[in-house]
Chemist: 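Got a structure here, written out as structure tokens. Questions coming.
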Amino acid sequence: MLFAVTMREVAHGWTAKLFGDRTAELLGRLSLNPLKHLDLIGTVLVPGLLLTLPSVPVFGWARPVPVATGALKNPRIATLAVAAAGPLANILMALFWCAVLAIIVHVPHGRVGPRWISFMAQAGIRANIYVGYLNLLPIPPLDGGRALLGFLPNRLALAIQKIEPVGLLFALLILVTAASQQFGMSVVFKPAYTAVTSLVDLAIPSAVLKK
């Protein structure tokens, strides 16, 4: 989870830099050091609490990388690109952990690394898919919400942007309530669970699992 939220924020910052905004770079937020992105609530407390709840995907966030919209070239396109950078980073990280898991599985017996690496790879796949998927919800300040603002007329975008201070709480409410069977977990999270299963099957062929 720590790697998942750190990489996505760095991806936001690098993409903003490509479009002319150096705010994240000047604040030292383009670092891969997780401590520079740590958020006590989003990186520690919320994931820790979700781990205690059955059938709820672990979700968290880092301190958002600041983006000066006024400094961006082609602000509307740049806003969409910066928003898309987060989920893309999570997809790439999930594929990375998929490759790690595949290597561990296919290394001849006796030369395999510690088992915790295999568990960490599987957790890395799940964390990145869940974080990337849930951030697609069209709720500011999630990436889906920021992308939505880039499509809307200015007046409507400003109106929706007002929910940003409570957007994360709203997203958590959706996450926790939808995860109960009464609220149709399979409908809300089926794409994420399907993606996780597909990646694990890609890394660990079913023939290997049957042995």
Side-chain angles (χ1 to χ4, degrees), residues 1 4-30 36-43 45-47 50 56-57 59-93 128-180 183-185 187-192 195:
M1 178 60 69
V5 297
T6 295
M7 289 299 296
R8 65 177 297 105
E9 292 305 326
V10 173
H12 286 315
W14 274 109
T15 306
K17 182 182 177 181
L18 289 176
F19 281 90
D21 175 27
R22 297 184 58 205
T23 304
E25 180 185 24
L26 296 175
L27 293 176
R29 296 295 305 281
L30 296 186
K36 291 186 177 293
H37 306 279
L38 190 69
D39 181 275
L40 180 60
I41 296 177
T43 318
L45 294 180
V46 169
L50 292 179
V56 178
F59 178 68
W61 62 87
R63 281 192 303 123
V65 165
V67 177
T69 308
L72 295 172
K73 302 172 185 176
N74 301 317
R76 195 171 284 267
I77 295 176
T79 298
L80 295 174
V82 171
L88 179 60
N90 287 131
I91 291 173
L92 293 177
M93 281 288 289
N128 278 282
I129 292 297
Y130 293 153
V131 170
Y133 173 68
L134 291 170
N135 266 280
L136 293 177
L137 291 174
I139 305 172
L142 301 181
D143 296 332
R146 294 192 183 280
L148 176 64
L149 297 180
F151 282 109
L152 296 176
N154 290 336
R155 180 175 297 181
L156 184 56
L158 289 174
I160 294 179
Q161 194 172 13
K162 291 180 181 179
I163 72 171
E164 185 165 327
V166 295
L168 285 174
L169 293 177
F170 188 45
L172 284 174
L173 180 63
I174 293 175
L175 174 65
V176 174
T177 55
S180 66
F183 290 89
M185 177 183 66
V187 175
V188 177
F189 294 114
K190 187 174 181 179

Chemist: To the closest 0.5 Å, what do you measure between CG (L40) and CG (L45)?
Modeler: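 The CG atom of L45 is 4.5 Å from CG of L40, to the nearest 0.5 Å.
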Chemist: Looking at side-chain heavy atoms only, is the closest gap between N128 and I91 below 4.5 Å?
Modeler: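 A side-chain contact is absent here, since even the closest heavy-atom pair is not under 4.5 Å.
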Chemist: Is a side-chain N or O of T15 found less than 3.5 angstrom from the main chain of A81, in a donor-acceptor match?
Modeler: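 It does not hold such a pair.
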Chemist: May I ask you to say whether R146 pairs ionically with E164, meaning some side-chain N is under 4.0 Å from a carboxylate O?
Modeler: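 Between E164 and R146 there is a salt bridge, with a charged N closer than 4.0 Å to a carboxylate O.
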Chemist: What's the separation between atom CD1 in I160 and atom CZ in R155, rounded to the nearest 0.5 Å?
Modeler: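 One finds 13.5 Å between CD1 of I160 and CZ of R155.
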Chemist: So, taking the atom named CD in E9 and the one named CH2 in W61, what distance separates them when rounded to the nearest 0.5 Å?
Modeler: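 Between atom CD of E9 and atom CH2 of W61 there are 12.0 Å.
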Chemist: Quick one: closest heavy-atom pair of L134 and L142, and the distance?
Modeler: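 Smallest heavy-atom distance, with atoms named: O-CD1, 3.6 Å.
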Chemist: For N90 and A4, work out which heavy atoms get closest and say how close.
Modeler: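 Here N90 and A4 meet closest at ND2-O, 3.3 Å.
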Chemist: Do L30 and W14 come close enough that some side-chain heavy atom pair is under 4.5 Å?
Modeler: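 The answer is yes; the side chains approach within 4.5 Å.
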Chemist: Distance from N154 atom CG to L149 atom CG, nearest 0.5 Å?
Modeler: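 If we round to the nearest 0.5 Å, N154:CG and L149:CG are 10.5 Å apart.
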Chemist: Counting only heavy atoms not in F19 (residues, nucleotides, ligands), do more than 12 fall under 6.0 Å from its CZ?
Modeler: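 More than 12 heavy atoms, drawn from other residues, nucleotides or ligands, come within 6.0 Å of this atom.
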Chemist: Which heavy atom of H12 sits nearest a heavy atom of G86, and at what distance?
Modeler: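 So the two residues come closest at CE1-N, 3.4 Å.
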Chemist: For L172 and V46: C-alpha separation, side-chain torsions, deciding distance, then whether side chain to side chain contact (heavy atoms under 4.5 Å, CB included) applies.
Modeler: CA-CA 9 Å; L172 284 174; V46 169; 3.8 Å; yes
Chemist: Which heavy atom of P47 sits nearest to which heavy atom of G60, and what is that distance?
Modeler: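 Heavy atoms only, the tightest pair is CG-CA, 4.1 Å.
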Chemist: Looking at L92, I want to see if its CG is surrounded by more than 12 non-hydrogen atoms of other residues, nucleotides or ligands under 6.0 Å.
Modeler: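 Correct, the count exceeds 12.
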Chemist: Would a 4.5 Å heavy-atom cut-off, applied to side chains only, mark H37 and R29 as touching?
Modeler: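 Heavy-atom side-chain distance check passes, below 4.5 Å.
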Chemist: Distance check, rounded to the nearest 0.5 Å: L156 atom CG versus L148 atom CG?
Modeler: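 It comes to 7.5 Å.
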Chemist: Using only atom types and a distance under 3.5 Å, with no angle test, would you say the side chain of D39 pairs donor to acceptor with the backbone of G42?
Modeler: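 Yes; at least one donor-acceptor contact below 3.5 Å.
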Chemist: Whether the side chain of D21 engages the backbone of L72 through a donor-acceptor N/O pair (distance < 3.5 Å, no angle test) should be reported.
Modeler: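 No; zero donor-acceptor contacts below 3.5 Å.
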Chemist: If I compare all heavy atoms of A11 with all of A89, which pair ends up nearest, and what's the gap?
Modeler: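 Shortest heavy-atom separation between A11 and A89 comes out as CB-CB, 3.7 Å.
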Chemist: If I compare all heavy atoms of V65 with all of A24, which pair ends up nearest, and what's the gap?
Modeler: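 What the structure gives for the nearest pair is CG1-CB, 3.3 Å.
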